[in-house]
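Some notes on the structure that comes next.
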Amino acid sequence: MTAKSFNAFAMAQAQFDKVAGVLDLDEATRELLRYPLREFSFAIPVRMDDGRARVFRGFRVQHNDARGPGKGGIRFHPHETIDTVRALATWMTWKCAVVEIPLGGSKGGVVCEPHNLSTREQEQICRGWVRQVVRNVGPVLDVPAPDVMTSAQHMLWMLDEFETITGGKYPGFITGKPVGMGGSLGRTEATGFGVVFTVREALKELNLKPENTTASVQGFGNVAQYAVRLYEQMGGKVTCVACWDQQDQQAYSYCRRDGIDFDQLLGITDRFGGIDKTKAKQLGYEILPGDDWLAQDVDILIPAALENQITGENVGRINKRVKIIAEGANGPTTPEADHVIHERGIFVIPDFLANAGGVTCSYFEQVQSNMNYYWEKDEVLGKLDVKMTSAYIAVSELARKRNLYMRDAAYVIAIGRVAQACRDRGWV
Ligand code: GLU
């Protein structure tokens, strides 16, 4: 599950170019939307626990804020690059637009390996990140959130640093905060649940009953865990979960024909979504190579780990039975693989639609933080379902009406809205 020599930003631009043609966008709008509005790349010096100083690389990219303040997570990952962050910021712009929340697209990152950092060192990285961008982020400018290997605790340290520097209480500065500290109930579940809300709608469209379907999932972190939970509650059966093994520095697929036992698997999983291999074997899981999750004889594939996972090399391994691919991760499918999937007629719920539940709930969190009044969990999840379902229906209706691939239909809606906002503001 590594990034290899793949360029996520080139992929995001290629996806944009394809739809810019369909939408017949003028040159200036294309120029504006192909690149981020602003980028910050900086050093974060940290005093490590052993007394030595170390410098980490940090990024914040603001792709577009025509529809509202920038919004997007911060990833901690050893292979983070400015190009990956650019791509992720671009996808955030389309994500907020497709679910019609009044926010733009941003993303941040730090090149680091949290597995090897103490709690105190992670806190220093969070505070250092905020110190470097404090003038360029904020509740009405650009609002960060958690992403790969960052948590509610990281968000709270960042908020605390922001409030210490600016001298006020600004809970709307950041989302994904702990519940009770300005966080929203349901935010932890939101991305995974949102994926399954869209799967539920796709199953209806394909005339399939959830209880007659099976799924294979890549990843077992925050997104994957809640997706598995809700899909199983709907009656579906997950037969395989793949995840990264930190010790072996490679991924494995954990499969069981009669279905995984979610709670049991969760009990042997660390906070980064890594499964204990030895214990999994004892519990009767077959441990297969990392890519095998996509070769499983299932109806639904849910890539919910990182970008660049379904590629030209492994796309041919997708089982004939697969009917739906719901992209829980950002950018899991390369354009080469996407072409093959399209040709094969597999129904794709594209990433920035399928995984928009997280940012939608972040928007609800911001609203609650700004009012300082917090909703019950059912209210949050009910509103989330409404937003996700209506976004899904708008995309699938357009796809059917204009005979478009689902990914292209989602792009037509999202890019159309952002381009319109840029025109309305007089930017282009
Ligand atoms: N990191 C999540 C994403 O990729 C959520 C972003 C947010 O809540 O702002 O969509």
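Order of listing sets the numbers, starting from 1, for every ligand and every atom in it. The chain is numbered in sequence order, starting from 1.
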Candidate pair Arg400 and Glu205, rule salt bridge (charged side-chain N to carboxylate O under 4.0 Å, His left out), full reasoning: CA-CA 11 Å; Arg400 262 179 286 144; Glu205 209 172 322; 3.4 Å; yes

Atom-level proximity to ligand 1, residues with heavy atom under 4.0 Å: Lys71, Gly72, Gly73, Met92, Lys95, Lys107, Ala145, Pro146, Asp147, Arg187, Asn330, Gly358, Val359, Ser362

Nearest heavy atoms of Gly70 and Asp65, plus distance in Å: N-CB, 4.2 Å

Between Glu161 and Trp129, is there a side-chain donor-acceptor contact under 3.5 Å, judged purely by atom types and distance? no

Do Lys177 and Ser369 have side-chain N/O donor and acceptor atoms under 3.5 Å apart? yes

Parallel, tilted or perpendicular: which one describes the rings of His63 and Trp94, with boundaries at 30° and 60°? perpendicular

Given the rule in the salt bridge (charged side-chain N to carboxylate O under 4.0 Å, His left out) test, do Glu307 and Lys107 qualify, once you have shown the distances and angles that lead to the verdict? CA-CA 14 Å; Glu307 62 280 358; Lys107 201 80 175 198; over 6 Å; no

